Colleague: 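The structure under discussion is supplied below as structure tokens; questions concerning it will follow.
These numbers come from a predicted model, not from an experiment.
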Amino acid sequence: MEPGNIENLCILYQSLDFLVVNKHWDIRIDSKMWYEKVTVQSQLKHRFPELADPDTYYGFRFCHQLDFSTSGALCVALSKEAAGRAYKCFKERTVTKAYLALVRGRVTQSCMTITLAIGKNTQEGLTHMMCVQGTEGCENEKPCQTYLTVLQHGLYKGDSVTKVLLQPLTGRTHQLRVHCSALGYPIVGDFTYSFKKDTDPYRMMLHAYYLHIPTDHELIEVTAPDPFQPESDPNWTPTETVQSLSEAMGNLINKALSMESPEMEGKPLKPMEKKRETEEERAVCQQWLAEWPGE
């Protein structure tokens with residue numbers, strides 16, 4: 001439960017081209033604010049000064065994003081070429097990600113696919129938030145899918161909560177947080193999507209547990225240790241196991257592999273891989289390219 005500091009950077013995977021770190025909760029990936037001294041970027045520069053690229057603003061190329069409050073697996077490319085290979089995987093939808101979360105309430109369905117479209121909230125005072133289609137002031141809604149699997153029911157400080165495995169099948173900003181909140185199961189400690197009500201937990205209980213990036217040159221497959229264990233946080237007391245994490249992950253990985261398999265072509269799941277690049281994905285790519293010097 002200790003806060004992040006410049007020293008406590010956990011490395012999950014390292015090669016000549018990539019690092020995967022276990023991002024601490026409540027630190028930013030990078031920041032231009034002088035008062036934010038501890039970020040993943042500053043931790044990397046402290047631990048690996050020789051790997052920092054002076055041709056980029058932050059010194060490192062982050063292949064994807066994690067919210068400030070979210071912990072877990074975060075991939076860093078160590079060269080322009082490696083970043084391009086990772087981006088290709090995200091663009092072609094061959095990346096698999098899975099998150100662990102504690103959500104408030106008892107989720108009664110053992111598994112479900114959430115298909116609520118998500119847009120930008122334009123209401124005064126809420127413009128930093130996303131929202132589901134049908135919400136007042138919601139604009140530019142786009143289709144989104146999240147697969148949810150219930151792992152355990154239990155209590156957090158005496159309140160009913162459910163431990164879930166979440167697989168985002170699309171990549172909208174705040175997607176998991178918005179989907180859970182919209183169903184009436186907000187993530188424990190999510191100050192923003194509880195409308196500033198959930199202030200008691202020491203962190204938001206959302207963790208990037210699994211990351212699979214099959215680049216042309218190497219397979220990156222990493223799990224970041226599950227932080228939602230009674231041994232780590234005695235406020236969390238599981239009372240019923242619906243499905244083990246290992247079983248749920250086995251099902252998730254098998255499903256992801258079947259979607260990549262050539263013999264699945266023409267079947268209903270395959271088009272998910274072929275969706276057109278979104279504006280957000282293009283913006284990420286353009287941001288990367290803007291940092292890279294011309295060849």
Side-chain angles (χ1 to χ4, degrees), residues 2-15 17-49 51-80 82-87 89-90 95 97-101 128-130 166 168 171-178 187 189-193 203-213 220 222-225 227 280-292:
E2 68 177 42
N5 61 62
I6 199 71
E7 299 285 350
N8 64 353
L9 178 67
C10 176
I11 306 300
L12 301 172
Y13 175 88
Q14 183 173 3
S15 70
D17 290 326
F18 295 97
L19 286 171
V20 180
V21 304
N22 188 2
K23 178 190 169 296
H24 199 281
W25 47 271
D26 280 8
I27 69 168
R28 299 189 190 283
I29 292 176
D30 46 45
S31 176
K32 295 180 180 179
M33 302 301 180
W34 63 268
Y35 53 83
E36 291 188 297
K37 303 294 186 184
V38 180
T39 62
V40 178
Q41 172 260 345
S42 65
Q43 289 178 321
L44 286 167
K45 276 191 173 180
H46 179 75
R47 177 78 69 86
F48 302 106
L51 298 181
D53 187 342
D55 290 326
T56 63
Y57 185 88
Y58 292 111
F60 294 89
R61 297 179 174 90
F62 297 100
C63 298
H64 56 109
Q65 296 292 310
L66 290 179
D67 290 344
F68 167 74
S69 304
T70 305
S71 60
L74 175 66
C75 185
V76 184
L78 299 179
S79 69
K80 171 183 174 179
R85 294 196 295 273
Y87 172 72
C89 293
F90 280 93
V95 174
K97 295 190 284 184
Y99 293 71
L100 291 170
H128 61 295
M129 299 173 66
M130 307 298 283
L166 300 167
R172 194 74 160 132
T173 301
H174 297 175
Q175 177 175 316
L176 303 180
R177 299 165 65 185
V178 174
I187 294 173
D190 191 342
F191 181 73
T192 299
Y193 289 97
R203 61 162 292 178
M204 182 176 73
M205 305 300 179
L206 180 62
H207 177 72
Y209 175 71
Y210 176 77
L211 180 64
H212 176 277
I213 308 177
I220 301 166
V222 179
T223 56
E280 288 177 335
E281 288 169 339
R282 284 197 295 272
V284 170
C285 182
Q286 288 166 0
Q287 182 179 349
W288 288 356
L289 293 173
E291 292 184 345
W292 299 343

Colleague: When rounded to the nearest 0.5 angstrom, what distance separates CG in L44 from CD1 in I11?
Modeller: 6.5 Å

Colleague: Calculate, to the nearest 0.5 Å, the distance between atoms CD and NZ belonging to Q43 and K23 respectively.
Modeller: 9.0 Å

Colleague: If every non-hydrogen atom of L66 is compared with every non-hydrogen atom of S71, which pair is closest and at what distance?
Modeller: CD1-O, 4.2 Å

Colleague: Has Q175 got a side-chain atom pairing as donor or acceptor with P168's backbone, closer than 3.5 angstrom?
Modeller: no

Colleague: Please lay out, stage by stage, how Y58 and K45 fare under the test side-chain contact (heavy atoms from CB on, under 4.5 Å).
Modeller: CA-CA 9 Å; Y58 292 111; K45 276 191 173 180; over 6 Å; no

Colleague: Please assess L211 against V95 for the test side-chain contact (heavy atoms from CB on, under 4.5 Å), listing each intermediate value before the final yes or no.
Modeller: CA-CA 7 Å; L211 180 64; V95 174; 4.1 Å; yes

Colleague: For F191 and M204, run side-chain contact (heavy atoms from CB on, under 4.5 Å): C-alpha distance rounded to whole Å, both residues' side-chain angles, the deciding distance at 0.1 Å, then the answer.
Modeller: CA-CA 8 Å; F191 181 73; M204 182 176 73; over 6 Å; no

Colleague: Test of understanding: with ring-ring contact (aromatic ring centres under 6.0 Å, His included), list the residues that count as partners of F48, not counting sequence neighbours.
Modeller: none

Colleague: Evaluate side-chain contact (heavy atoms from CB on, under 4.5 Å) for H174 paired with T192, printing each intermediate quantity in order.
Modeller: CA-CA 10 Å; H174 297 175; T192 299; 5.6 Å; no

Colleague: Any non-hydrogen side-chain atom of R172 less than 4.5 Å from a side-chain atom of M130?
Modeller: yes

Colleague: Evaluate the side-chain proximity of I29 to Q65: yes if any heavy-atom separation is below 4.5 Å, no if none is.
Modeller: yes

Colleague: Which pair of non-hydrogen atoms, one from I27 and one from G4, has the smallest distance, and what is that distance?
Modeller: CG2-CA, 4.3 Å

Colleague: List in chain and number order the residues that pass side chain to side chain donor-acceptor pair (under 3.5 Å) with R85, two or more places apart in sequence or in another chain; answer none if no residue qualifies.
Modeller: D17, H217

Colleague: Once you measure the plane-to-plane angle for H207 and Y209, does it fall in the parallel (<30°), tilted (30-60°) or perpendicular (>60°) bin?
Modeller: tilted

Colleague: Check this for me: does any side-chain nitrogen of one of R177 and D67 sit under 4.0 Å from a carboxylate oxygen of the other?
Modeller: yes

Colleague: Could you tell me whether the side chain of N8 and the main chain of N5 form a donor-acceptor pair under 3.5 Å?
Modeller: yes

Colleague: Would you check if Y210 and K97 make a side-chain contact, meaning some heavy-atom pair closer than 4.5 Å?
Modeller: no

Colleague: How would you list, by chain and number, every residue that makes a salt bridge (charged side-chain N to carboxylate O under 4.0 Å, His left out) with D26, sequence neighbours excluded?
Modeller: none

Colleague: Partners of S69 by side chain to side chain donor-acceptor pair (under 3.5 Å), sequence neighbours excluded?
Modeller: none

Colleague: Write down the atom of N22, the atom of A224, and the distance for their closest heavy-atom approach.
Modeller: OD1-CB, 3.8 Å

Colleague: Measure across A208 and T70 and return the closest heavy-atom pair with its distance rounded to 0.1 Å.
Modeller: N-CG2, 4.3 Å

Colleague: Quick one: is the NZ or CZ of R28 closer than 6.0 Å to the six-membered ring centre of F68, and within 45° of its axis?
Modeller: yes

Colleague: Rounded to the nearest 0.5 Å, how far apart are CZ of R61 and OH of Y87?
Modeller: 15.5 Å

Colleague: Is D30 close to V40 at the side-chain level, that is, under 4.5 Å between some pair of heavy atoms?
Modeller: no

Colleague: Test of understanding: with salt bridge (charged side-chain N to carboxylate O under 4.0 Å, His left out), list the residues that count as partners of R203, not counting sequence neighbours.
Modeller: none

Colleague: Evaluate the side-chain proximity of I220 to V20: yes if any heavy-atom separation is below 4.5 Å, no if none is.
Modeller: yes

Colleague: Please report the interatomic distance SG(C63) to CZ(F90), rounded to the nearest 0.5 Å.
Modeller: 6.5 Å

Colleague: Any side-chain heavy atom of V76 within less than 4.5 Å of one from L51?
Modeller: no

Colleague: Does V21 reach the side chain of L12, with side-chain heavy atoms less than 4.5 Å apart?
Modeller: no

Colleague: Counting C-beta onward and ignoring hydrogens, is there a side-chain heavy-atom pair between I6 and S42 closer than 4.5 Å?
Modeller: yes

Colleague: Identify, with sequence neighbours excluded, every residue that meets ring-ring contact (aromatic ring centres under 6.0 Å, His included) alongside H24.
Modeller: none

